[in-house]
A.B. asks: 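I am attaching a structure below and will ask some questions about it afterwards.
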Amino acid sequence: MVIFAINFIPMLIDSHCHLYGEEFKEDIEKVIERAEAAGVRKFYLPGIDSSAIDSMLALEARFPGKCQPMMGLHPCYVKENYLDELAIVEDWLSRRSFAAVGEIGLDHYWDTTFAVQQVHAFKTQIEWSIRFNLPIVIHTRNAMQETIEIVKIYQKQGIRGIFHCFSGSYESATEIIKAGFYLGIGGVLTYKKAGLAEVIEKIGLEHLVIETDAPYLTPVPFRGKGNESSYLTYVVARLAEIKQCSIEEVAAVTSANAEKIFVL
Ligand SMILES: [Zn+2]
Ligand SMILES: [Zn+2]
């Protein structure tokens, strides 16, 4: 006999959220509580730069087995001192296990002053992911093709991971999947003008993971306010609508994908 639970909440994984940020300092307990009530069981925390490491690891200690840290230098934080920052990343990677190397990549949206250094930092951290056998979580903005080309250089060495906050074209999505990567889908999917729904309609769920990128990229209907992990349900609902499947199926497939990718 099959028994169906009445208020069944599917298990969700927020594959990318900055819950260690200042924004959550006052009410992190409540944020986690609301997320768990919405079905979110795990929270993957991307690294930014050395100033964020202490609060990230403190959150892991406070919610062990739930909040899982990554380690990496974000492209927007590649500045004059980036070699010192990279040395800190390498030191941490050699000391303990992390869920992934991330978030790393290229961002030419705000500033291109350190474009060359961004490439160097990205490649160096990809090489460390190979050395420590970790997946990578990629951040790319206004640099999609350049990012894909760099990934291709290392493709034969078995690199794997996520292009987080994917909002590119169908062609880019296909190239990313061919390179063995997953697409991280978040609040942008709920923005009508983004055109992402049309792309994702043609991509199988088996290539997707879901994320909030909280406190950024808040989904509709809360767009304009701060984002939090409980809002992941709006991404799931929109994804189910686009893929014409159940919320349970979206939850099951994307959670299984996330568990396949991450080390912790
Ligand atoms: Zn990012
Ligand atoms: Zn992020």
Side-chain angles (χ1 to χ4, degrees), residues 13-25 28 31 35 40 42-53 55-57 59-60 67-79 82 85 89 98-112 114-115 118-119 121-122 125-126 129 134-144 146-148 150-151 161-168 172-173 176 181-191 194 196 208-219 223 226-232 235 254 258 261-262 264:
I13 293 177
D14 191 348
S15 65
H16 193 112
C17 49
H18 299 265
L19 299 186
Y20 53 81
E22 278 295 313
E23 299 85 350
F24 298 108
K25 221 172 182 148
I28 186 64
V31 167
V40 188
K42 260 183 162 180
F43 309 85
Y44 285 94
L45 314 172
I48 291 290
D49 74 352
S50 63
S51 70
I53 295 173
S55 45
M56 185 172 73
L57 297 182
L59 198 59
E60 180 198 28
C67 291
Q68 310 285 38
M70 310 178 199
M71 182 51 62
L73 179 62
H74 186 295
C76 289
Y77 296 79
V78 171
K79 308 278 183 208
Y82 85 104
E85 284 286 329
V89 169
F98 286 91
V101 176
E103 55 188 296
I104 61 174
L106 306 176
D107 191 316
H108 298 163
Y109 180 77
W110 296 108
D111 191 1
T112 53
F114 295 99
Q118 280 190 16
V119 170
F122 186 30
Q125 293 180 96
I126 291 178
S129 82
L134 293 173
I136 58 177
V137 170
I138 296 176
H139 168 110
T140 179
R141 196 166 183 199
N142 283 20
M144 180 62 87
E146 197 184 344
T147 306
I148 291 174
I150 291 174
V151 164
I162 300 167
F163 270 67
H164 114 82
C165 187
F166 177 79
S167 57
S172 300
I176 290 167
F181 278 72
Y182 291 79
L183 310 176
I185 303 299
V188 176
L189 190 65
T190 68
Y191 306 166
L196 184 58
L208 309 180
V209 292
I210 50 175
E211 62 173 65
T212 58
D213 203 14
Y216 316 107
L217 296 170
T218 313
R223 193 174 183 186
N227 198 3
E228 62 172 65
S229 290
S230 67
Y231 297 165
L232 194 60
V235 176
T254 57
I261 300 164
F262 290 117
L264 296 178

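We count ligands from 1, going down the list as the structure has it; atoms in each ligand are counted the same way. Note that the coordinates shown come from a computational prediction; the quantities given were computed from them, not determined experimentally.
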A.B. asks: Can you name the ring-ring contact (aromatic ring centres under 6.0 Å, His included) partners of Tyr82, sequence neighbours left out?
C.D. replies: His120
A.B. asks: Kindly indicate whether the side chain of Leu19, heavy atoms from C-beta on, has any atom under 4.5 Å from the side chain of Leu45.
C.D. replies: yes
A.B. asks: Got a sec, which residues hit ring-ring contact (aromatic ring centres under 6.0 Å, His included) with Phe98, two or more places apart in sequence or on another chain?
C.D. replies: none
A.B. asks: So if I apply the ring-ring contact (aromatic ring centres under 6.0 Å, His included) rule between His139 and each of His108, His16, His74, which one comes out positive?
C.D. replies: His74
A.B. asks: Going by side-chain hydrogen bond (donor to acceptor under 3.5 Å, both in side chains), name the residues that satisfy it together with Tyr231, two or more places apart in sequence or in a different chain.
C.D. replies: none
A.B. asks: Under 2.8 Å from the Zn ion (ligand 1), which protein N, O or S atoms are there? Could you list them by chain and number?
C.D. replies: Glu103 OE1, His139 ND1, His164 NE2
A.B. asks: Between Asp14 and Thr212 (side chain of the first, backbone of the second, donor and acceptor by atom type, cut-off under 3.5 Å), is there such a pair?
C.D. replies: yes
